[in-house]
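Notes to accompany the following structure.
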Number of protein chains: 2
Amino acid sequence: MSELNSSVALLIQSASLWSQLIKRADSQLSVHGISFTEFSILHCLAQAPLQQLSRIELANTVGLSASGVTRLLLPLEKIHLVEKAQIARDARVSLVKLTSTGMQIYQDALPTLSYCAEQFTSPLTSRQQEQLSDLLGRLS
Amino acid sequence: MSELNSSVALLIQSASLWSQLIKRADSQLSVHGISFTEFSILHCLAQAPLQQLSRIELANTVGLSASGVTRLLLPLEKIHLVEKAQIARDARVSLVKLTSTGMQIYQDALPTLSYCAEQFTSPLTSRQQEQLSDLLGRLS
DNA sequence: GATAAATGGTTGCGTAGTCAAGTATATTGC
DNA sequence: GCAATATACTTGACTACGCAACCATTTATC
């Protein structure tokens, strides 16, 4: 049973850690008027070629359901951080494109979140941070 | 900017990873009639001395807000997995105590979640899993 | 020992997100 | 070329939270 316990204990500890991290990130990002999840979306779009992705691609990248993406994009469209685009090949897909305003907000918010991430990983040496990054990268 | 990017990219990748993990855990735990968060609560209580904790301690341990704990406990009380208890010293605190039914459900669910955790960490060698556990343990 | 401040907890209200079902378009099998 | 199936969403209804405001009790201050 203590075999079972150690992996499960790690999981539960991670849950607590993660929820605290997200709360802090949300709180710090609120200066820019966006949440962590919204930032994630801006980030994925900013990295994408032409700064655009389909909603399904976006959902897979940020780990949300399709409907979650639909709902999250509504306010972002309303304040013109992203806009819809079509693709001729397939009338089903509705592309999401980062606007220049959206890119601006993203770039403003990037150092804020980066600082937050550093605060969080500061108990680790930079060597350990690399290790952690590497290990997490191997998980799926 | 690519300096900023690497830490932030890791964070966003972790978010996606985490949400997928929780979805899988919830889905597998549904056999036992509980969610991952509910399991977390049972787990914390099972580890605690006398299998009881105050609501605030519980909130801190699982990373929820106080109100989150209040609401989560309601259904658990209703199906008698946990019960309320008083402490004479302080009439404000309301202890939460794991019932024997609750302990049973916890022990039934433990291997399920453990299997889920193993599935998740299976891309890593056991040496790497230890490293990961160690690194995460150092974060707060 | 009365008043102020802190702590433990609950409730109202709002937001984020899920799943199941529906719609529109594309693709496949015959 | 047309039915069947799959894909890309959207919507309705619901759950899971968080925050702010609120009691109740305890502790500190004077």
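Quick note on labels: first sequence line is chain A, next is B, and so on, each numbered from 1.
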Self-check item: Nonpolar side-chain network containing V31(B), other nodes, edges under 4.5 Å
Solution: none

Self-check item: Shared-cluster residues of I87(A), by chain and number - hydrophobic side chains joined below 4.5 Å
Solution: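 Cluster partners of I87(A): V93(A), L95(A).
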
Self-check item: Angle of first-five versus last-five pair axes in the helix from dG1(C)-dC30(D) to dC30(C)-dG1(D), to 10 degrees
Solution: 30°

Quiz item: Which residue pairs pass the ring pair (Phe, Tyr, Trp, His ring centres under 6.0 Å) test with at least one member in residues 37-59 of chain B, sequence neighbours excluded?
Solution: F39(B)-Y106(B), H43(B)-Y106(B)

Checking [X] now: which residues fulfil side chain to side chain donor-acceptor pair (under 3.5 Å) with it, not counting sequence neighbours?
X      : result
N60(B) : none
S67(A) : S65(A)
D90(A) : R92(A)

Quiz item: Any salt bridge (charged side-chain N to carboxylate O under 4.0 Å, His left out) pairs touching residues 55-80 of chain A, not counting sequence neighbours?
Solution: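 Residue pairs passing salt bridge (charged side-chain N to carboxylate O under 4.0 Å, His left out), neighbours aside: R55(A)-E77(A).
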
Self-check item: Qualifying salt bridge (charged side-chain N to carboxylate O under 4.0 Å, His left out) pairs with a residue from residues 122-133 of chain A, counting only residues at least two apart or across chains
Solution: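 Listed once each, the pairs would be none.
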
Practice problem: With the side chain counted from C-beta on, respond yes when I79(A) and P75(A) share a heavy-atom pair under 4.5 Å apart, and no when they do not. | Solution: no

Exercise. Summarise how protein sits on nucleotides 5-10 of chain C as a single string, 5' to 3': B when a protein heavy atom is under 4.0 Å from the base, S for sugar-phosphate-only contact, - for no contact.
Key: -BBSSB

Quiz item: By a strict heavy-atom criterion of less than 4.0 Å, which residues belonging to residues 13-46 of chain A are in contact with DNA chain C?
Solution: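 Under 4.0 Å from DNA chain C: T37(A).
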
Quiz item: Can you give the first and last nucleotides of DNA chain D, 5' to 3', that have an atom under 4.0 Å from a heavy atom of chain A?
Solution: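 Footprint of chain A along DNA chain D, 5' to 3': dA6(D) to dG18(D).
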
Quiz item: Do the rings of W18(B) and F36(B) sit parallel, tilted or perpendicular, given the 30° and 60° boundaries?
Solution: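 Answer is perpendicular, since the angle exceeds 60°.
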
